[in-house]
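One-based numbering along the sequence shown.
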Amino acid sequence: MSTASDVIAGGFGNAGILDKERIVARPGFNRWLVPPAALCIHLCIGMAYGFSVFWLPLSRAIGIDQPAACPDMSLATALFTTTCDWRVSDLGWMYTLFFVLLGCSAATWGGWLERVGPRKAGIVSALCWCGGMALAAIGVMIHQLWLMWLGAGIIGGIGLGIGYISPVSTLIKWFPDRRGMATGMAIMGFGGGAMIGAPLADLLMNHFRTGTSVGVWQTFLVMAAIYAVSMLSGAFGYRIPPAGWRPEGWTPPASSKQSMITTRHVHLRDAHKTRQFWLMWTLLTMNVSAGIGVIGMASPMLQEIFGGRLIGLPELSFTDLSNEQKAAIAAIAAGFAGLISLFNIGGRFVWASLSDKIGRKNTYYVFFILGIVLYALAPTAAGMGSQVLFVSIFCIILSMYGGGFSTIPAYLADIFGTQFVGAIHGRLLTAWATAGILGPVVVNYIREFQIAAGIPREQVYDFTMYILVGFLIVGLIANALVKPVDPKLYMSDEEVAAIQARTAASDEGRIGSFGIGKGGLDLKAALAWTAVGIPILWGVWITLQNTAALFG
């Protein structure tokens with residue numbers, strides 16, 4: 001038997017097709033096949049960002065042309081009514097369910113994922129996300145909001161969390177030489193899911209719309225089927241490297257306080273007991289709270305600040321516009337939302353890749369220091385009436401929002417090691433659930449307070465921007481305090497070896513590439529990247545078409 005083949009010698013033959021032992025890579029496997037597998041899952045679950053495309057059609061699911069409104073309907077009544085159309089505010093709770101369940105499920109099942117491997121986790125994610133959409137379709141058919149919440153919101157939200165973290169530790173182990181780039185590729189997919197899914201959903205709803213149906217439940221079923229094929233393909237495409245594997249010719253950097261990269265590992269049971277974990281939880285919460293607050297109000301913010309300037313009527317404020325003029329600037333504001341979405345997506349890859357060069361801590365310094373400057377400048381840009389400057393500021397801000405998500409897994413791996421990074425990342429995502437409440441609440445309530453106080457619409461966001469600067473200052477301080485973990489918290493070599501035994505080489509202690517990971521963009525990898533690249537490029541093209549009006 002050859003040396004390379006000896007590495008993955010017997011012991012895995014009795015493993016089931018979903019078991020972790022079954023997906024240990026063998027000689028000849030190309031590591032560049034793993035990122036497309038991760039994208040197959042993340043591009044599907046990323047549609048959570050685009051679910052608002054369903055709200056207006058669902059708000060007239062009974063009335064079809066006009067909502068069958070019940071003015072005094074409570075939320076409890078909306079959950080069970082079969083005669084009244086749902087309000088957009090009732091449907092909007094789906095976002096809360098999505099991101100609270102994402103954070104909670106990632107934290108709850110992160111340890112399980114590390115034990116069973118990414119394939120089984122990916123399949124569970126597919127069953128939850130696609131099955132949840134199918135159940136939501138039934139809820140729309142029989143007009144039961146509680147069933148839609150249960151399906152897409154709760155069951156689907158669990159699938160979101162498991163699917164989101166499923167590739168993280170796998171990619172970091174496959175790309176120890178490019179941790180940021182690897183996680184950036186996958187998490188970029190989550191940001192891009194709505195860019196593909198929202199226009200696809202719009203096309204499907206238009207196809208299925210009839211005089212008696214708005215076409216939503218049919219769209220749910222078709223998208224669930226498409227997503228099931230993609231997610232299952234991704235799950236079965238996952239492979240993990242054998243213990244001791246490293247890229248050919250690569251030498252791990254020596255651990256040092258200067259590099260902030262450890263070659264040892266902190267156990268999952270101890271990670272959340274460290275100061276470092278909670279400092280990183282804080283910096284992620286602050287970065288995401290500031291960004292998510294802006295995302296949720298991007299469209300009305302542009303309309304209310306610039307008003308008639310968007311259509312060449314600078315003398316008219318937002319409140320002076322006619323309904324037709326408001327409709328015109330709403331279309332332009334939709335372009336703004338699409339443009340910052342592109343920067344959110346691109347920033348996930350660009351900033352995470354840059355962090356491989358300048359370090360994770362320095363990357364977060366850039367996020368917070370540059371963010372403080374840009375948020376503070378936003379009211380000035382608004383006061384100057386400069387659309388280009390204002391839009392540019394928020395494009396950069398949203399790129400750093402996305403970059404914060406994609407850089408944090410590599411930051412965690414630097415500090416805590418790679419053995420439990422997926423599970424630790426899952427627990428850290430409770431910061432996302434917190435930020436999903438904190439950011440929008442701050443922006444929305446301050447806006448309402450300012451309007452009630454008689455502040456002109458074009459100035460209601462000024463104070464909000466300064467509050468968000470405060471968030472970033474807190475994040476900056478937390479990042480500055482992150483130091484290497486106390487050495488006594490690292491696992492012993494024996495403890496690590498016992499955990500890695502299920503994927504270890506037959507000749508224990510061997511280190512090398514074992515003929516695994518080579519290939520680059522060979523035919524198989526090119527086909528895999530084409531399969532995920534075509535829908536991404538289509539989504540980019542549609543988004544660019546929709547944003548053309550912003551500068552037209």
Side-chain angles (χ1 to χ4, degrees), residues 40-69 78-95 97-98 125-160 163 192-234 334 534-536 538-539 541-543 546:
C40 281
I41 291 178
H42 270 227
L43 287 171
C44 296
I45 61 176
M47 179 54 188
Y49 272 134
F51 250 65
S52 60
V53 73
F54 298 117
W55 294 169
L56 288 180
L58 284 174
S59 70
R60 55 177 189 275
I62 294 176
I64 308 299
D65 295 322
Q66 293 291 330
L79 288 172
F80 301 100
T81 183
T82 58
T83 57
C84 302
D85 268 321
W86 304 315
R87 297 161 300 198
V88 171
S89 58
D90 301 326
L91 297 162
W93 279 96
M94 189 75 73
Y95 275 127
L97 291 172
F98 277 156
S125 173
L127 292 174
C128 289
W129 180 241
C130 302
M133 286 189 72
L135 189 59
I138 297 173
V140 174
M141 286 176 64
I142 63 175
H143 202 73
Q144 289 292 288
L145 183 59
W146 70 269
L147 190 57
M148 198 172 80
W149 279 14
L150 173 64
I154 297 175
I155 298 174
I158 292 171
L160 283 178
M195 182 180 66
I196 300 168
L200 174 61
D202 189 57
L203 288 173
L204 289 171
M205 286 188 290
N206 286 330
H207 174 74
F208 289 117
R209 185 174 291 119
T210 66
T212 58
S213 172
V214 292
V216 173
W217 70 262
Q218 300 95 326
T219 298
F220 276 170
L221 290 179
V222 172
M223 294 185 74
I226 294 171
Y227 287 163
V229 172
S230 177
M231 294 178 74
L232 291 175
S233 298
I534 289 174
I536 291 173
W538 178 77
W541 172 247
I542 295 295
T543 302
N546 291 338

For residues 128-151, which side-chain donor-acceptor pairs fall under 3.5 Å, sequence neighbours excluded?
unit_1: W129; atom_1: NE1; unit_2: C44; atom_2: O; d: 3.3
unit_1: H143; atom_1: NE2; unit_2: C84; atom_2: O; d: 2.8
unit_1: Q144; atom_1: OE1; unit_2: W146; atom_2: NE1; d: 2.8
unit_1: Q144; atom_1: NE2; unit_2: F80; atom_2: O; d: 3.0

Between D202 and A198, is there a donor-acceptor pair closer than 3.5 Å when you use the side chain of the first and the backbone of the second?
-> no
Give me the atom names and distance for the closest heavy-atom approach of [X] to [Y].
X: L232; Y: A126; value: CD2-CB, 4.1 Å
X: I536; Y: M195; value: O-CE, 3.7 Å
X: G163; Y: I41; value: O-CG2, 4.0 Å

With ring pair (Phe, Tyr, Trp, His ring centres under 6.0 Å) as the test, pick out the partner of F51 among Y95, W93, F220.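 The single option meeting the ring pair (Phe, Tyr, Trp, His ring centres under 6.0 Å) with F51 is F220.
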Practice task
With sequence neighbours left out, write down each residue that passes salt bridge (Lys or Arg N to Asp or Glu O under 4.0 Å) with D90, or none if nothing qualifies.
Solution key: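 Here the qualifying residues are R87.
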If you round to the nearest 0.5 Å, how far is [atom2] of [Y] from [atom1] of [X]?
X: S125; Y: L160; atom1: OG; atom2: CG; result: 7.0 Å
X: W55; Y: M94; atom1: CH2; atom2: CE; result: 4.5 Å
X: T219; Y: F208; atom1: OG1; atom2: CZ; result: 6.0 Å

Quiz item: For W538, does the CH2 atom sit with more than 12 other heavy atoms under 6.0 Å from it, leaving out its own atoms?
Solution: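 Atom CH2 in W538 is crowded, with more than 12 foreign heavy atoms closer than 6.0 Å.
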Return a table of donor-acceptor pairs under 3.5 angstrom between the side chains of residues 223-230 and protein atoms on other chains or two or more places apart.
unit_1: S230; atom_1: OG; unit_2: C40; atom_2: O; d: 2.9

Contacts of P535 meeting side chain to side chain contact (heavy atoms under 4.5 Å, CB included) (sequence neighbours excluded), chain-then-number -> I196
Sequence-distant partners of A194, side chain to side chain contact (heavy atoms under 4.5 Å, CB included), two or more places apart: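 Per chain and number, A194 pairs via side chain to side chain contact (heavy atoms under 4.5 Å, CB included) with Y49.
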Exercise. How about L200 and M47: do any of their side-chain heavy atoms sit closer than 4.5 Å?
Worked result: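 Sidechains of M47 and L200: no contact.
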Please tabulate, for the side chains in residues 56-66, all donor-acceptor contacts under 3.5 angstrom to protein atoms that are two or more places apart in sequence or on a different chain.
unit_1: S59; atom_1: OG; unit_2: L56; atom_2: O; d: 2.6
unit_1: R60; atom_1: NE; unit_2: I64; atom_2: O; d: 3.1
unit_1: R60; atom_1: NH1; unit_2: L56; atom_2: O; d: 3.3

